[in-house]
Chemist: 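One structure follows; several queries about it will come next.
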Amino acid sequence: MDVKKKKLYVFGNRYLEFDSLGTKIAESFSKEISISYVNAPETLLYSKDKEITIIDVVRGIRKPVLIEGASRIRSRKIMSLHDFDLGFVLRLMHELGSDKKIKIIGVPQHGNAAEIAKEVRPWI
Amino acid sequence: MSRLISLNHITKIEGHAKLVLGIKRGKVMRCELSAVEGSRYFEGLVRGRRYNEAHEITSRICGICSCAHVIAAISAVENALGYSPTEQTNDLRKLLTLGERIRSHATHLYFLALPDYLGYESALAMASRHKADLESALRMMKAGNNVIRTIGGRDLHPVSAAVGGWLKYPKKESLAILKKEIVEAKKDALKTCKLFFSLKYPKFDSGAEYFSLVDSKEYAVLEGKFTSQHTSFEKWQYKDFVNEYHEPRSTANFVVKGDHKYMVGALSRLNNNHAHLSRDAKKMLNLSRLKLPSTNPFHNNIAQAIETVHCMDKCIEILESLDIKNEPVEKLKAKESGGVGCIEVPRGTLWHEYSINAEGIITNANIITPTAQNLLSIQEDIRAFVQSAFDPWRGKAHQEL
């Protein structure tokens, strides 16, 4: 696949220090791939892409991790519409039989964006 | 024998709530419903800010109904400054509000209500056997979402609506695509009605006074008098009729009319406004065999399904007549004043009130959400419903429920 046609879905909030590393790393790939900043996770339900690659900050990890496939995600029970989060949306896609290839790149809350970008580059 | 039941996390609501029930010898002695979200202090946050910032700040009160707070805040500020929006601005505001209602109703019906009626723990658990139903829900949510993004400029916390007008207009081509999508999604809305009409609803009469805006020209959205089966009053009179009080156990205030409960929301709107439903929504109402007025809160889901059809028809009607002209945003002159905004949003009637000084700074704010207005009514309905389970003539099924 032509790398420029690839899209990276970016979660996180660039204005919150503890939630911004994913957005900073994504920016470093912006010349090579298409970057989509996600406001609402349900956007993924309507994506026409066959491969969905997501980058988001994960609390409690020190090194980046790659999660492939939505079946590995455990979702909380939906308590309210406020819990209609990324985990729920990905599980829902899986349960509805979506054949999209899901990759989630989890990055730590803190770290050097340039260094971590080098580590996650092969996963994109 | 006495028993205390404490449900610290009530599932499938919008927001977070807790319920404590005390039952002694078949009598409900204690029933306390509390909203337990952290205190938000939004009314304090807007104090000291300029009048044209209120809608951007209060939009963050809720991710599900951010458009509602945007439009209610703008309406209140414009009311204070004596400005009436143009017809085009009103149409765009209606679209934003209706799009949000479509998204919210579709999500509520299929992801919060339906799993309970069909006996599943969650929508995820029912996905394999009810795939077509959930796909219907997703198509309707997408249509509602696209209305919000196209008209408001963003999926959440829209940025195009402003005090005095509209900041960025949608393109004609986008509006044409939007109309096509809603026409398609309406098929799902009609299917949703039939699905929700086929469910079995418990018999229960809350006896609540049902309030909503009532507009003589249309199914009320942004305008009208706050009306029930007993009374009607203008927006600016609300403090004479509606009282807020605080219970230490709850972070949300309780609201009463006089000294008694009342309900707002889709069923109240349907009770008060059904004569103004679109042709197809009226057909659905007839098909439902719902007898109006109804004060059975379980019928709220039927009302939401019928409203979804109506909201789509109304969006189509507006989109067909909308011929966007580039109207500049009116710069409003600050003056010492106060104003009330009151609109119909997915869960019911939403109130915003602001006081503004001569420099255009907000000096006081009051926001009353539909949830706060419904809280007492829901609590008292639970008390009566649970009590009715102990009625000797009730069947086993009712007692288990």
Side-chain angles (χ1 to χ4, degrees), chain A residues 7-16 18-20 22-23 34-50 52 54 56 67 69-100 102 104, chain B residues 7-17 35-37 62-66 103-113 115 120-135 137-139 141-146 148-149 152-159 181 346-347 371:
Chain A
K7 188 189 273 184
L8 181 61
Y9 289 89
V10 185
F11 283 73
N13 186 332
R14 70 180 75 190
Y15 302 110
L16 296 174
F18 61 86
D19 195 25
S20 63
T23 64
S34 164
I35 305 289
S36 175
Y37 294 97
V38 183
N39 283 318
E42 56 264 37
T43 311
L44 300 180
L45 291 166
Y46 318 124
S47 165
K48 288 181 180 161
D49 300 321
K50 287 188 174 168
I52 293 182
I54 295 160
D56 198 2
I67 301 165
S71 60
R72 291 185 58 199
I73 297 165
R74 276 191 301 174
S75 176
R76 291 176 298 173
K77 278 185 200 173
I78 183 163
M79 307 283 277
S80 78
L81 289 189
H82 301 128
D83 298 326
F84 209 84
D85 58 11
L86 176 61
F88 183 83
V89 165
L90 292 175
R91 286 289 303 167
L92 183 62
M93 287 167 72
H94 178 72
E95 296 297 335
L96 289 175
S98 164
D99 58 357
K100 292 181 194 298
I102 307 284
I104 304 165
Chain B
L7 303 171
N8 289 325
H9 299 287
I10 296 181
T11 58
K12 304 190 186 101
I13 61 155
E14 289 197 19
H16 297 278
V36 290
E37 287 174 327
C62 180
I64 313 298
C65 52
S66 55
R103 182 176 71 183
S104 179
H105 280 1
T107 316
H108 187 123
L109 286 169
Y110 283 92
F111 289 91
L112 299 187
Y120 291 95
E121 185 188 70
S122 74
L124 287 179
M126 59 181 254
S128 57
R129 294 186 71 178
H130 296 273
K131 188 178 173 186
D133 292 328
L134 291 180
E135 284 174 344
L138 295 177
R139 281 191 293 269
M141 287 159 65
K142 184 183 179 186
N145 215 46
N146 285 349
I148 296 166
R149 191 189 309 126
R154 241 170 146 244
D155 300 45
L156 299 172
H157 311 301
V159 290
E181 278 179 354
R347 307 268 153 268
T371 302

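Lettering follows sequence order; numbering is per chain, from 1.
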Chemist: To the nearest 0.5 Å, what is the distance between CG on B:Leu134 and CD on A:Glu95?
Modeler: 10.5 Å
Chemist: Contact part of B:Leu138 toward chain A, heavy-atom cut-off under 4.5 Å: side chain, backbone, both or neither?
Modeler: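 When you check distances to chain A, atoms from both the backbone and side chain of B:Leu138 fall under 4.5 Å.
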Chemist: Could you tell me which residues satisfy side chain to side chain contact (heavy atoms under 4.5 Å, CB included) with A:Ser98, sequence neighbours excluded, listed by chain and number?
Modeler: A:Met93, A:Lys100
Chemist: Is the closest side-chain heavy-atom distance between B:Asn146 and A:Tyr46 below 4.5 Å?
Modeler: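 Not touching, per the 4.5 Å side-chain cut-off.
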Chemist: Output the option from B:Arg154, B:Lys131, B:Lys142, B:His157 having the highest count of non-hydrogen pairs under 4.5 Å with chain A.
Modeler: B:Lys142
Chemist: With only heavy atoms counted, which part of B:Arg139 is less than 4.5 Å from chain A, the side chain, the backbone, both or neither?
Modeler: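 Looking at B:Arg139, nothing touches chain A.
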Chemist: Going from CG on A:Asn39 to CZ on B:Arg149, what distance comes out if it is rounded to the nearest 0.5 angstrom?
Modeler: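 It comes to 9.0 Å.
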Chemist: Can you name the salt bridge (Lys or Arg N to Asp or Glu O under 4.0 Å) partners of A:Arg14, sequence neighbours left out?
Modeler: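 A:Arg14 satisfies salt bridge (Lys or Arg N to Asp or Glu O under 4.0 Å) with A:Glu27 once adjacent residues are dropped.
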Chemist: Supply the atom-to-atom distance A:Leu96 CG to B:His130 NE2, rounded to the nearest 0.5 angstrom.
Modeler: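 Reported value, rounded in 0.5 Å steps: 12.5 Å.
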